[in-house]
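Comments concern the structure below.
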Amino acid sequence: MTDSKNKPRVGFIGLGNMGQSMAGHILQAGYPLRVYNRSRDKAETLLARGAVWCDSPGELAANADVIITIVGYPHDVEQVYLGDNGIVARARGALLIDMTTSSPELAQRIAKAAAEQGCSALDAPVSGGDIGARDAKLAIMVGGAQAAFDAALPILQLLGPNIVLQGGPGAGQHTKMCNQIVIAATIMGVCEGLAYGKAAGLDLPTVLKSIGGGAASGFQLTVMGQKIINGDFAPGFYIEHFIKDLGIALAEAQRMQLDLPALALARRLYEELAQQGHGRLGTQALFKHYEA
């Protein structure tokens, strides 16, 4: 661990599959780290390495210069930031960075509320899943002011190499919706291609060897496709969380009067899987629809 002298105090809320690794990178870089999670057991590894536990988001906010959140759903984000004894109510002059995939409209409200308290706020959702978080190779899509982005950059660079300021408040969330829409359509194509190959009697590893080196290549095919072939449906990203993301994207598309049929179909298929009890599997488990 490097020296923490003169480094801003960082507070991190949300220690799930991705948050634990992300907070760990920040701690390893020598930043004084305070953490909060609804279940304390998920913080134990970080506490053993020197992180400090806080009993509430408000307590954490009152003792941090930079506050990072990555929680589950927009209502969780709203409660953590805007609820009683939440971050905005307790932080003073802090830089607030929400890395949850959430609502662009909520990101704009948080930025406005933060500014009224003398704080700055960024919406900075990520792509790369648990593997990207573990390996510090996340893509980070940021919305907010240039000055806040510049202040956050040294910490964000600990989490991934691809960090882009997309525009003002909410722009990071809109960009993440673009990302999720592309993934939704792509994973459907991967599943359908592999289902076709299976029905045609082809050897799927051999198929993947061919098409994985051509124009169809990409993470969803080469990584998730291999997991499908292996029957590995363990979550890098939960179906139930992907449904949440696709719902946000669909609502935003409808608000903009934009018809996105692949997005609508993907959400319907994933909702069917969740209703069958598969909501805690990874997104590659969409293949189960084609095995039915």
Side-chain angles (χ1 to χ4, degrees), residues 16-18 21 101 125-135 137-141 160-162 173-253 258-292:
N17 279 356
M18 298 176 66
S21 294
T101 299
V126 300
S127 181
D130 61 333
I131 296 173
R134 183 195 66 202
D135 296 340
K137 292 184 178 179
L138 294 170
I140 306 173
M141 305 151 235
N162 182 9
Q173 296 295 353
H174 277 303
T175 305
K176 182 61 184 288
M177 292 304 106
C178 297
N179 183 81
Q180 301 304 72
I181 291 166
V182 170
I183 288 174
T186 303
I187 194 65
M188 280 196 298
V190 169
C191 290
E192 293 192 3
L194 293 178
Y196 180 96
K198 184 177 180 180
L202 299 175
D203 178 68
L204 293 185
T206 304
V207 170
L208 193 61
K209 184 177 180 180
S210 288
I211 69 175
S217 184
F219 180 89
Q220 296 301 317
L221 178 64
T222 59
V223 176
M224 301 305 239
Q226 187 62 59
K227 286 186 175 185
I228 290 169
I229 291 171
N230 294 342
D232 176 7
F233 300 120
F237 191 69
Y238 292 119
I239 283 175
E240 63 185 22
H241 288 166
F242 199 44
I243 291 170
K244 175 262 295 184
D245 295 355
L246 300 185
I248 294 170
L250 195 58
E252 288 294 318
L258 182 64
D259 181 26
L260 300 178
L263 170 61
L265 175 58
R267 188 179 71 155
R268 179 174 66 79
L269 296 180
Y270 275 115
E271 285 179 334
E272 289 175 2
L273 286 177
Q275 290 165 6
Q276 295 165 15
H278 301 312
R280 300 291 284 178
L281 296 181
T283 53
Q284 71 275 20
L286 181 65
F287 192 70
K288 288 183 174 293
H289 170 81
Y290 298 91
E291 291 183 315

Practice task
Mind checking side chain to side chain donor-acceptor pair (under 3.5 Å) for Ser127 and listing every partner two or more places apart, or none if nothing turns up?
Solution key: Asn179
Problem - Nearest-0.5 Å distance that lies between atom OH in Tyr270 and atom NE2 in His278 - result: 12.5 Å
Handout entry: Closest approach of Ile187 to Ala184 (non-hydrogen atoms, all atoms of both residues)
Key = CG2-O, 3.4 Å
Practice task
Using side chain to side chain donor-acceptor pair (under 3.5 Å) as the criterion, list what pairs up with Gln220, not counting sequence neighbours.
Solution key: none
Exercise for the section: With side chain to side chain contact (heavy atoms under 4.5 Å, CB included) as the test, would you mind laying out the steps for Ile229 and Leu208 before giving the verdict? Expected result: CA-CA 9 Å; Ile229 291 171; Leu208 193 61; 3.9 Å; yes
Exercise for the section: Apply the test side chain to side chain contact (heavy atoms under 4.5 Å, CB included) to residues Ile183 and Thr283: give CA-CA distance (whole Å), side-chain angles for both, the deciding distance (0.1 Å), then the verdict. Expected result: CA-CA 10 Å; Ile183 288 174; Thr283 53; 5.6 Å; no
Practice task
To the nearest 0.5 angstrom, please state how far the CD atom of Gln284 sits from the CG atom of Asn230.
Solution key: 10.5 Å
Exercise for the section: Taking the side chain as every heavy atom from C-beta outward, state whether Ile140 and Asn162 have any pair of such atoms under 4.5 Å apart. Expected result: no
Exercise for the section: Using the side chain to side chain contact (heavy atoms under 4.5 Å, CB included) rule, take Leu273 and Leu269 through it: C-alpha gap first, then chi angles, then the decisive distance, then the call. Expected result: CA-CA 6 Å; Leu273 286 177; Leu269 296 180; over 6 Å; no
Completion exercise
In this structure, CG of Asn17 is separated from CZ of Arg134 (nearest 0.5 Å) by 11.5 Å
Exercise for the section: Under the side-chain contact (heavy atoms from CB on, under 4.5 Å) rule, collect the residues that match up with Ala234, sequence neighbours excluded. Expected result: Asp232
Exercise for the section: Evaluate the side chain to side chain contact (heavy atoms under 4.5 Å, CB included) criterion for residues Leu138 and Met18: first the C-alpha distance (whole Å), next the side-chain angles of each, then the deciding distance (0.1 Å), finally the verdict. Expected result: CA-CA 10 Å; Leu138 294 170; Met18 298 176 66; 3.8 Å; yes
Problem - Residue pairs involving residues 221-230 (criterion salt bridge (charged side-chain N to carboxylate O under 4.0 Å, His left out); sequence neighbours excluded) - result: none
Fill in the blank from the handout: For Asp130 and Pro235, the nearest pair of non-hydrogen atoms, with its separation, is OD2-O, 4.1 Å
Side-chain donor-acceptor pairs under 3.5 Å in residues 238-248, sequence neighbours left out?
{"unit_1": "Tyr238", "atom_1": "OH", "unit_2": "Arg280", "atom_2": "NH2", "d": "3.3"}
{"unit_1": "Glu240", "atom_1": "OE2", "unit_2": "Arg280", "atom_2": "NH1", "d": "2.5"}
{"unit_1": "Lys244", "atom_1": "NZ", "unit_2": "Gly72", "atom_2": "O", "d": "3.3"}
{"unit_1": "Lys244", "atom_1": "NZ", "unit_2": "Thr101", "atom_2": "O", "d": "2.7"}
{"unit_1": "Asp245", "atom_1": "OD2", "unit_2": "Gln180", "atom_2": "NE2", "d": "2.7"}

Exercise for the section: Report the residues that fulfil side-chain contact (heavy atoms from CB on, under 4.5 Å) with Leu250, sequence neighbours left out, ordered by chain and then residue number. Expected result: Gln254, Leu263, Ala264, Arg267
Handout entry: Short side-chain to backbone donor-acceptor contact, Ser217 and Gly213, under 3.5 Å
Key = no
Exercise for the section: Could you tell me which residues satisfy side chain to side chain donor-acceptor pair (under 3.5 Å) with Glu271, sequence neighbours excluded, listed by chain and number? Expected result: none
Handout entry: Those residues that, when tested against Ala262, pass side-chain contact (heavy atoms from CB on, under 4.5 Å) (two or more places apart)
Key = Ala185, Met188
Exercise for the section: Hey, could you give me the CE/CZ distance between Met224 and Phe219, rounded to the nearest 0.5 Å? Expected result: 5.5 Å
Problem - Contacts of type side chain to side chain donor-acceptor pair (under 3.5 Å), residue Arg268, not counting sequence neighbours - result: Glu272
Practice task
Would you give the length of the straight line joining atom CZ of Phe237 to atom CG of Leu281, rounded to the nearest 0.5 angstrom?
Solution key: 14.0 Å
Exercise for the section: Give the minimum heavy-atom separation between Lys176 and Pro125, together with the two atoms involved. Expected result: CB-CG, 3.6 Å
Report, one line per pair, each donor and acceptor closer than 3.5 Å where one atom sits in a side chain of residues 190-207; sequence neighbours left out.
{"unit_1": "Glu192", "atom_1": "OE2", "unit_2": "Tyr290", "atom_2": "OH", "d": "2.8"}
{"unit_1": "Asp203", "atom_1": "OD2", "unit_2": "Thr206", "atom_2": "N", "d": "3.1"}
{"unit_1": "Asp203", "atom_1": "OD2", "unit_2": "Thr206", "atom_2": "OG1", "d": "2.5"}

Handout entry: Gap separating the NE2 atom of His174 from the CD atom of Glu252, nearest 0.5 angstrom
Key = 5.0 Å
